[in-house]
Peer 1: 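I'd like to ask you about the structure that follows.
Along the sequence shown, residues are numbered consecutively beginning with 1. In this text, all values refer to a predicted model and were calculated from it rather than measured experimentally.
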Amino acid sequence: MHCIEIDKFRYEIKENGDSEIVKSMESVQRAFIRFTNRTSRPVNVWWRNYQGKLQHYASLKPGAHYDVNTFLTHPWEFSDAATFESYVINNKPVFKVPNVVAGMRYRTNWNISIPVRSLRFTAMLAVASNFPDANKVVQLELPTALGEELFDLVQDVNNCQPAVPNK
């Protein structure tokens, strides 16, 4: 499980193997975008500014949408408003407007969803979310590998703090 951390930079690996901070670049090619929350949870919409820091833009109720006039090189991210878990568009945690949208005079819709998860991970996440203390996982007497994985997941879940948007 990946959580958005407001004060942290996000890096991506380029084709040449170098890592680069995810941030907004130039503001040249406009794009008219609509983000639609297709989850059953409230979602926060974040923009990565020119330094790579997150800026809160909107909070969306389930089914709600947010219209934004942006640019091709501006990255957007999404998180569960309560758990801070990263959400996705097209199963990618960072949304960058595709080049084909540049210059369109109408708004294109992009659906925010939860990441694709295996049934195993979904079940583990459901169990992990009920443990306020990772040390109590030992009491389940699970096989070692499964217990260690659940222990780590409980710590991840407990480390995802609720988002406190600051504008």
Side-chain angles (χ1 to χ4, degrees), residues 1-23 33-48 52-54 56-66 68 74-101 108-165:
M1 183 169 95
H2 182 267
C3 299
I4 290 182
E5 299 178 64
I6 295 174
D7 297 330
K8 301 271 178 152
F9 292 108
R10 181 185 285 267
Y11 294 86
E12 62 185 5
I13 306 297
K14 295 297 184 184
E15 289 180 17
N16 64 5
D18 292 341
S19 64
E20 181 176 274
I21 293 176
V22 175
K23 63 182 179 179
I33 303 296
R34 170 172 285 177
F35 295 124
T36 302
N37 179 4
R38 294 291 181 205
T39 76
S40 60
R41 311 263 311 151
V43 170
N44 284 329
V45 177
W46 305 89
W47 171 64
R48 288 252 175 214
K53 294 193 175 198
L54 283 172
H56 184 258
Y57 255 68
S59 295
L60 301 177
K61 294 179 180 176
H65 67 267
Y66 178 69
V68 63
H74 290 204
W76 294 85
E77 296 181 44
F78 315 91
S79 68
D80 184 293
T83 67
F84 221 19
E85 179 182 3
S86 290
Y87 284 172
V88 297
I89 289 181
N90 294 335
N91 213 34
K92 294 180 182 173
V94 177
F95 173 78
K96 292 182 182 172
V97 180
N99 290 335
V100 296
V101 174
T108 57
N109 185 68
W110 300 90
N111 293 323
I112 303 165
S113 63
I114 62 170
V116 174
R117 300 177 177 146
S118 69
L119 179 58
R120 181 178 186 279
F121 182 77
T122 301
M124 295 271 292
L125 191 56
V127 172
S129 64
N130 289 303
F131 278 88
D133 181 5
N135 294 316
K136 297 206 183 256
V137 170
V138 176
Q139 296 173 353
L140 295 176
E141 298 181 9
L142 297 170
T144 303
L146 187 60
E148 289 172 354
E149 188 177 344
L150 183 58
F151 179 88
D152 291 343
L153 187 57
V154 169
Q155 287 186 314
D156 287 349
V157 167
N158 291 336
N159 287 335
C160 285
Q161 299 301 315
V164 181

Peer 1: I want to check something: taking the side chain as every heavy atom from C-beta on, are V137 and V127 in contact at a cut-off of under 4.5 Å?
Peer 2: no
Peer 1: Does R10 pair with E77 as a salt bridge, N-O distance under 4.0 Å?
Peer 2: yes
Peer 1: Specify whether W47 and W76 have parallel, tilted or perpendicular ring planes, treating 30° as the upper limit for parallel and 60° as the lower limit for perpendicular.
Peer 2: tilted
Peer 1: Indicate the atoms forming the closest heavy-atom contact of S59 with N44, along with that distance.
Peer 2: OG-OD1, 2.7 Å
Peer 1: Can you find a pair of side-chain heavy atoms, one from N90 and one from F95, that are under 4.5 Å apart?
Peer 2: no
Peer 1: Rounded to the nearest 0.5 Å, what separates atom OG1 in T39 from atom CG in D80?
Peer 2: 7.0 Å
Peer 1: So, taking the atom named OH in Y87 and the one named CG in N111, what distance separates them when rounded to the nearest 0.5 Å?
Peer 2: 14.5 Å
Peer 1: If you measure from the Lys or Arg side-chain nitrogens to the Asp or Glu carboxylate oxygens, is any gap between K92 and E12 under 4.0 Å?
Peer 2: no
Peer 1: Would you name the heavy atoms of V88 and I114 that are closest together and state the gap between them?
Peer 2: CG2-O, 3.7 Å
Peer 1: Would you give the length of the straight line joining atom OH of Y11 to atom CD of E20, rounded to the nearest 0.5 angstrom?
Peer 2: 11.0 Å
Peer 1: Counting only heavy atoms not in N99, do more than 12 sit closer than 6.0 Å to its CG atom?
Peer 2: no
Peer 1: Using atom types as modelled and distance alone, determine if a side-chain donor or acceptor of N37 lies under 3.5 Å from a backbone N or O of K61.
Peer 2: yes
Peer 1: Nearest 0.5 Å please: distance from the CD atom of E149 over to the OG1 atom of T144.
Peer 2: 13.0 Å
Peer 1: Is the W46 ring parallel, tilted or perpendicular to the H56 ring (thresholds 30°, 60°)?
Peer 2: perpendicular
Peer 1: Which pair of non-hydrogen atoms, one from A82 and one from R41, has the smallest distance, and what is that distance?
Peer 2: CB-NH2, 3.5 Å
Peer 1: Under a 4.5 Å cut-off applied to non-hydrogen side-chain atoms, are L54 and R48 in contact?
Peer 2: yes
Peer 1: Do you know which two heavy atoms are closest between K96 and V22, and how far apart they sit?
Peer 2: CE-CG1, 4.5 Å
Peer 1: On a heavy-atom basis, which atom in S19 and which in I13 lie closest, and how many Å separate them?
Peer 2: CB-CD1, 3.8 Å
Peer 1: Which atoms form the tightest heavy-atom contact between V154 and A134, and what is the distance?
Peer 2: CG1-CA, 3.5 Å
Peer 1: Can you tell me how far the CZ atom of F35 sits from the CZ atom of F78, to the nearest 0.5 Å?
Peer 2: 4.0 Å
Peer 1: Once rounded to the nearest 0.5 Å, what's the spacing between atom CG of L146 and atom CZ of F151?
Peer 2: 14.0 Å
Peer 1: Using the side-chain contact (heavy atoms from CB on, under 4.5 Å) rule, take I112 and Y66 through it: C-alpha gap first, then chi angles, then the decisive distance, then the call.
Peer 2: CA-CA 11 Å; I112 303 165; Y66 178 69; over 6 Å; no
Peer 1: Is there a side-chain contact between L140 and L150 (heavy atoms, below 4.5 Å)?
Peer 2: yes
